[in-house]
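Report on one structure; see the data block that follows.
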2 protein chains.
Amino acid sequence: MILSKTCIYGILATLHLATKKDKEYLPISQIAKELDISFHFLTKILQKLTQQEIMSSYRGPNGGIALARPKEEIKLMDIVVAIDGSEIFEQCLLKLPGCGKLKPCPLHDEWGLIRKQIQEMLNQTSVASVAEKIVKNSLRLADVNPLEL
Amino acid sequence: MILSKTCIYGILATLHLATKKDKEYLPISQIAKELDISFHFLTKILQKLTQQEIMSSYRGPNGGIALARPKEEIKLMDIVVAIDGSEIFEQCLLKLPGCGKLKPCPLHDEWGLIRKQIQEMLNQTSVASVAEKIVKNSLRLADVNPLEL
DNA sequence: CAGTTTTAAGACTCTTTTGTCTTAAATTAG
DNA sequence: CTAATTTAAGACAAAAGAGTCTTAAAACTG
């Protein structure tokens, strides 16, 4: 719901990177292992984030993937839009085409309020702040497998 | 996002019924036509709502489907839970298994607030109140096709 | 240069969701 | 009882999302 699996994996990988040293390339294979995500699948997802210049990649030995910008500047919203697009924030709960002030759907106001909050939350939350919380409270980014933070 | 297509159709059909006279059976074929939803698909969806006793059905001439309870008593949440289940309200944004106060995911608090509001909105909004708004403001439940309200 | 490591790209498969179709059962009308 | 109308049930098909695999290209190591 709300976010696609692809998008969630993208967020998890970004957060994982953000808990590591800056500017160091981390091989996708390692991220995949630590987050328990299929390597090839994650590769495809991270390619998209690289194309959108949220991450930068480098091939060959000691290569891998890294955040393209300072983690303080990357907001959760950036990742969501890069992967799932912005349709979520343009549609109502009932997805009636062209719902807006002109031709509102019956739940336009109710959902508009909530949608706005989701938007604000994603826009305000930086990857850095979440990463900090993860480190501070030893939070997990995968199921059981405790990450070696 | 958030709600499945099936669930949205279920809500639309319920709202449509609620704008009509109480206790009258409306053929599914007619609802399908007015909402521009495939008849057979809608039939399947309404069967689920009938099984959950949100609607009641009657076969044969002059048969069809009707709300099983007073529309004031049916909340949007009832339909959502009947069709999509309650997992939405038990998961976090990142869908890490077993996210909760014990093993929170990194976005547990942020998402928890929003999830609570979605829950409250769906729990508080009755089918009757939305139907009233639809009638009062001549709102639509389908794309272009203006409903004959 | 040859071999290794790593991402890039895209074809392919599997699963879930969405949608269609056919047949059966209930109800009513004549 | 017969024919018509309507929901019930379930098989089937199409589309989208998730995941796998293979080959190519880039970069480094010796």
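Below, chains carry the letters A, B, ... as their sequence lines are ordered, and counting in each starts from 1. Everything quoted here is computed from the prediction, not taken from an experiment.
The distance from atom CZ of B:Phe41 to atom P of D:dA13 is 18 Å, rounded to the nearest whole Å. Summarising the geometry, the separation between CZ on A:Phe39 and C1' on C:dT5 is reported as 10 Å, rounded to the nearest angstrom. The CD1-C1' distance, from A:Ile88 to D:dG17, rounds to 15 Å in whole Å. Atom CD1 of B:Ile37 is separated from atom P of C:dG19 by 9 Å (rounded to the nearest Å). Distance, A:Tyr25 OH to C:dT5 P: 20 Å, rounded to whole Å. A straight line from NZ of B:Lys5 to C1' of C:dG19 spans 10 Å, rounded to a whole angstrom. Summarising the geometry, the separation between CD on B:Glu87 and P on C:dT17 is reported as 10 Å, rounded to the nearest angstrom. The distance from atom CG of B:Asp36 to atom C1' of C:dG19 is 13 Å, rounded to the nearest whole Å.
A:Leu46 comes within contact range of no nucleotide atom at all, as no heavy-atom separation falls under 4.0 Å.
Under the 4.5 Å side-chain criterion, counting only non-hydrogen atoms from C-beta, B:Leu93 is not in contact with A:Leu76. At least one side-chain heavy atom of B:Phe39 sits under 4.5 Å from a side-chain heavy atom of B:Ile28.
In this model, the phosphate group of D:dA8 is approached by a side-chain N or O of B:Ser57 to a distance below 4.0 Å at OP1 or OP2.
Distance CG/A:Leu96 to CG/B:Leu141: 7.0 Å, rounded to 0.5 Å. Note that CG of A:Leu94 is 7.5 Å distant from CG of B:Leu3, once rounded to the nearest 0.5 Å. A:Leu17 CG to A:Asp22 CG: the interatomic distance, rounded to the nearest 0.5 Å, is 10.0 Å. Rounding to the nearest 0.5 Å places CG of A:Leu42 at 10.0 Å from CD of A:Gln47.
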Could you pull out the protein-nucleic contacts involving nucleotides 28-30 of chain D (nitrogen or oxygen on both sides, under 3.5 Å)?
from: D:dC28; atom 1: OP1; to: A:Tyr58; atom 2: OH; distance (Å): 3.0

Just the table, please: protein N/O against nucleotides 9-13 of chain C N/O, every pair under 3.5 Å.
from: C:dA9; atom 1: OP2; to: A:Gln51; atom 2: NE2; distance (Å): 3.4

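Within 6.0 Å of atom NZ in B:Lys95, more than 12 heavy atoms from other residues, nucleotides or ligands are found, so the atom counts as buried in its surroundings.
A residue-by-residue look at A:Thr6 and B:Ile28 shows that B:Ile28 has its nearest nucleotide of DNA chain D further toward the 5' end.
Distances from the side chain of A:Tyr9 to the nucleotides C:dT7, D:dG19, C:dT18 place D:dG19 closest.
In terms of modelled atom types and a separation under 3.5 Å, the side chain of A:Ser129 and the main chain of A:Thr125 share no donor-acceptor contact.
B:Phe41 pairs by the ring pair (Phe, Tyr, Trp, His ring centres under 6.0 Å) definition with B:Tyr9, not counting sequence neighbours.
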